[in-house]
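One structure below.
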Amino acid sequence: RTMFSLRPFGGSSFSNANRTSVGCRSPLTGGIKEANGGGSFAYALGQQSIAGFTLHGASPSWVVIHFKKDGTIAFEDGTPYLGKGNFEADRMLHAKYGKKVTVALCGPVGEYLGLIAGIAFSDKDGRPSRLAARGGVGAVMGSKKVKAIVVEMDKVPAFHEPKKVNAAIKDYAKLLQADGIITNFYQKIGTMGMADVQNQMGGLPVRNFSAGRQVDLSTGERFKMGGDYITELNNSRGGEQTHACMPGCIIQCSNLYADASGKEIVSPVEYETLGLLGTNCGLTEPDDLAGLNYIANDLGVDTIETGATLAVLMEAGLGAFGDAKFMADCLAEVRRGTENGRLWAQGTARVGEHYKVARVPVIKKQAISAYDPRVVEATGVAMMVTAMGADHTAGNLPRLNTREMDLNAIIGQSLAVQTNVAATDSLGLCLFGRSVTEVNIAFIIDAINSACGTSLTPEFWAKLGQETLRLEHEFNRRAGFTAKDDELPEFFYAEALPPTNRVARFHGPEVHDMYERLPA
């Protein structure tokens with residue numbers, strides 16, 4: 001089964017509250033998977049007062065599922081869109097269904113069940129560029145023979161106490177606009193700013209996790225793959241650095257990246273893409289990254305898994321690090337579904353096994369995100385133990401200096417952030433608003449009560465997060481996962497990472513029982 005869901009404020013302009021969540025058993029990891037994306041898909045579902053839906057079984061032929069604003073659902077021919085890139089398919093769908101619709105797309109890689117495939121949602125301007133990317137959720141959609149889901153936009157949903165909800169929307173926006181992390185980091189630079197942080201810390205993935213820093217800033221060299229440089233370059237070209245991926249979002253951490261003539265290349269360039277598809281593959285030029293990012297969006301693939309896979313191919317000697325043409329040629333084979341393309345579309349772990357590569361950066365067969373666990377230890381621990389595979393969003397603490405901390409202290413910090421993240425995700429809120437949401441929990445719960453007519457108390461927040469973590473862990477336990485599945489690949493323990501020369505300190509059995517520490 002594949003479940004699509006949204007949360008209490010879906011369909012409104014409550015900032016960063018229109019995430020679409022996709023849940024299934026991951027064909028990549030074999031465990032539970034929740035992947036979410038921005039855009040306008042949840043916004044449209046919320047306007048039709050649809051809290052979610054589940055795809056059972058499979059269609060006998062390729063289909064477009066059409067949610068109409070009159071409350072009916074139509075199942076229409078999906079074959080005209082097969083084999084098309086996401087941008088062409090999206091144009092065709094809007095030509096047929098009109099401008100006032102939003103789309104969820106299974107791209108051409110998902111059609112043949114490639115495990116790097118995500119599900120692409122329309123952004124607020126209609127681009128199919130916001131992905132529920134990880135875990136092979138696009139392959140699951142492809143297995144259902146659902147090419148696209150089209151949802152008509154309608155009107156703001158009827159909340160239990162609309163005046164209170166409208167007041168909460170305005171008050172929440174004020175809280176976001178008064179927060180320094182949001183105004184000075186996310187709005188000005190976006191997630192790309194984390195590249196500068198990790199390059200300085202030495203936790204940036206470089207050339208298949210063989211180094212933690214691409215540029216030594218003490219030499220005076222500019223770090224061209226960092227958010228500071230790219231923001232300066234993009235602004236000088238007329239690009240847009242403050243772009244909202246979903247309707248009503250005040251954070252606006254997305255971007256429109258332009259070429260030297262001012263023409264848009266891609267939207268957006270995000271840190272994880274920059275890390276895995278960029279520095280991890282040895283790229284040093286932002287324009288090369290942006291071009292490959294566009295191709296990945298057109299294919300509807302996870303840029304983390306794709307970048308890690310391409311770096312493993314380079315490690316295997318099939319191409320050279322930094323060769324953007326080699327990367328584009330590989331993605332062209334993935335698009336065509338050649339024998340090699342279909343193999344490479346199965347993801348990092350399987351490609352590494354096929355080519356007998358020693359350095360394969362995965363946990364539970366999913367590519368590790370753009371934080372080297374030898375340096376960014378708290379995030380590494382979360383990636384090791386989470387039921388989601390190597391997913392930094394489960395509990396990211398990218399700036400935490402842990403070298404003087406013991407494992408118990410790190411686990412305590414990790415559990416706290418994982419609980420908050422699980423609650424945030426479960427309520428459809430973007431994680432980039434956590435600096436506001438987590439210090440205003442009573443406000444958020446009161447707004448939910450106004451929207452839904454519930455009588456929740458602030459204690460609900462932690463209980464929701466804790467129960468989510470327990471259920472995810474129990475799902476994987478029943479699926480056969482054990483402590484050995486929480487282990488990092490051997491090279492993280494054996495190879496010291498320059499420039500910090502650190503190795504991983506913790507093993508799977510030491511962290512596996514983390515969730516037993518949650519309150520009963």
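Excluded from the calculations below are hydrogen atoms, water molecules and symmetry mates; all remaining heavy atoms, backbone and side chain alike, are included.
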Judged by atom type as modelled, is there a donor-acceptor pair below 3.5 Å linking the side chain of [X] to the main-chain atoms of [Y]?
X	Y	value
Glu305	Gly135	no
Thr273	Val269	no
Ser129	Ser267	yes
Ser59	Lys144	no
Asn86	Pro128	no
Thr386	Gly389	no
Arg213	Gln200	yes

Checking Asn396, Asn16, Val421 against Leu431 for side-chain contact (heavy atoms from CB on, under 4.5 Å), the one that qualifies is Val421
Against Ile189, only a single residue in Asp228, Ile230, Thr242 fulfils side-chain contact (heavy atoms from CB on, under 4.5 Å); can you say which?
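The passing option is Asp228.
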Quick one: do Arg19 and Asn36 satisfy side-chain hydrogen bond (donor to acceptor under 3.5 Å, both in side chains)? Show the steps, please.
CA-CA 6 Å; Arg19 305 288 290 181; Asn36 62 66; 2.8 Å; yes
Taking C-beta and beyond as the side chain, do [X] and [Y] meet within less than 4.5 Å on heavy atoms?
X	Y	value
Met246	Asp123	no
Phe492	Pro361	yes
Lys484	Pro509	no
Pro205	Asp372	no
Leu6	Tyr43	no
Phe75	Ile65	yes
Asn297	Val266	yes
Leu488	Pro373	yes

What pairs meet the ring pair (Phe, Tyr, Trp, His ring centres under 6.0 Å) rule with one or both residues in residues 357-391, with sequence neighbours excluded?
Tyr271-Tyr371, Tyr371-His392
Report the distance from atom [atom1] of [X] to atom [atom2] of [Y], rounding to the nearest 0.5 Å.
X	Y	atom1	atom2	result
Gln252	Cys245	CD	SG	10.0 Å
Lys147	Lys84	NZ	NZ	10.0 Å
Met388	Gln418	CE	CD	10.5 Å
Lys224	Leu283	NZ	CG	12.0 Å
Thr306	Leu331	OG1	CG	6.5 Å
Leu343	Glu333	CG	CD	10.5 Å

Residues [X] and [Y]: side-chain donor-acceptor under 3.5 angstrom:
X	Y	result
Arg130	Ser40	no
Gln241	Asn255	no
Asn340	Thr338	no
Glu270	Thr191	yes
Asn208	Asn280	no
His507	Asp486	no
Glu34	Ser21	yes
Thr348	Thr309	yes

Tell me the closest heavy-atom pair linking [X] and [Y], and the distance in Å.
X	Y	value
Ala120	Leu131	CB-CD1, 3.8 Å
Val109	Val334	CG2-CG1, 3.6 Å
Gly30	Ala479	O-CB, 4.0 Å
Leu93	Ala148	CD1-CB, 3.8 Å
Arg7	Ser5	NH1-O, 3.5 Å
Gly126	Asp90	O-OD2, 3.0 Å

Tell me, please, whether [Y] has [X] positioned over its six-membered ring: NZ or CZ under 6.0 Å from the ring centre and within 45 degrees of its axis?
X	Y	value
Arg374	Phe506	no
Arg342	Tyr112	yes
Arg207	Phe321	no

So Tyr97 and His66, would you call those rings parallel, tilted or perpendicular, with 30° and 60° as cut-offs?
perpendicular
Is the Phe4 ring parallel, tilted or perpendicular to the Phe53 ring (thresholds 30°, 60°)?
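Parallel: the ring planes of Phe4 and Phe53 meet at under 30°.
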Before accepting this row, confirm whether a basic side-chain N of the pair [X]/[Y] lies closer than 4.0 Å to the acidic partner's carboxylate O.
X	Y	value
Asp391	Lys33	yes
Asp259	Lys263	no
Glu474	Arg477	yes
Arg134	Glu272	no
Arg359	Glu495	yes

Stepwise, does the salt bridge (Lys or Arg N to Asp or Glu O under 4.0 Å) test hold for Arg127 with Asp125?
CA-CA 6 Å; Arg127 301 176 193 82; Asp125 302 315; 3.2 Å; yes
Other residues, nucleotides and ligands only: do more than 12 of their heavy atoms fall within 6.0 Å of [atom1] on [X]?
X	atom1	result
Glu76	CD	yes
Lys364	NZ	yes
Arg336	CZ	yes

Option from Asp287, Asn234, Asn293 for which side-chain hydrogen bond (donor to acceptor under 3.5 Å, both in side chains) with Tyr257 holds
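Of Asp287, Asn234, Asn293, side-chain hydrogen bond (donor to acceptor under 3.5 Å, both in side chains) with Tyr257 is met by Asp287 alone.
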Could you give me the CA-CA distance, side-chain angles and deciding distance for Asp298 and Arg335, then say whether salt bridge (Lys or Arg N to Asp or Glu O under 4.0 Å) is met?
CA-CA 9 Å; Asp298 198 39; Arg335 182 188 296 274; 3.0 Å; yes
Please tell me whether Phe481 and Phe475 form a close aromatic pair, meaning their ring centres lie under 6.0 Å apart.
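No: the rings miss the under 6.0 Å criterion.
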